[in-house]
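Heads up, the thing below is written out as structure tokens.
Residues: numbered from 1 along the sequence shown.
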Amino acid sequence: MDTHLVEYLEAFDGSETIDWFGEQWNIHLHISAMIGHEQMHIGQIVAFCYAVGIQIPEEIKRTMALSD
């Protein structure tokens, strides 16, 4: 998936815009907002797992540099 993401990102020249609830946002600002939003959800999942004693998936622990 990361390889596909890199391919898509490299295709942008930076002039592209996204309609963001009626505002035109530069593609880089849009992607940055999406990354931040996704990281928030991963943090919520990790906090939930800690709170209820669910083992965090190894891939998430590795990606987020978490320990047991």
Spell out, yes or no, whether Ile35 and Leu9 are grouped together once hydrophobic residues are joined by side-chain heavy atoms under 4.5 Å, including indirect joins.
yes
Can Tyr8 be reached from Ile31 by stepping across I, L, V, M, F, W or Y side chains whose heavy atoms are under 4.5 Å apart?
no
Checking [X] now: which residues fulfil side-chain contact (heavy atoms from CB on, under 4.5 Å) with it, not counting sequence neighbours?
| X | result |
| --- | --- |
| Glu10 | Val6 |
| Val52 | Phe48, Ile54 |
| Met64 | Gln39, Ile42, Ile60, Leu66 |
| Asp13 | Ser15, Glu16 |

So, taking the atom named [atom1] in [X] and the one named [atom2] in [Y], what distance separates them when rounded to the nearest 0.5 Å?
| X | Y | atom1 | atom2 | answer |
| --- | --- | --- | --- | --- |
| Ile56 | Thr63 | CD1 | OG1 | 12.0 Å |
| His28 | Ile18 | NE2 | CD1 | 11.0 Å |
| Glu59 | Arg62 | CD | CZ | 4.5 Å |

List, by chain and number, the other hydrophobic cluster members for Leu29, where Ile, Leu, Val, Met, Phe, Trp and Tyr join if side-chain heavy atoms come within less than 4.5 Å, directly or indirectly.
Trp20, Phe21, Trp25, Met34
Residues which pass ring-ring contact (aromatic ring centres under 6.0 Å, His included) with His41, listed by chain and number, not counting sequence neighbours
His37
Would you indicate whether the side-chain heavy atoms of His30 and Asn26 approach each other to under 4.5 Å?
no
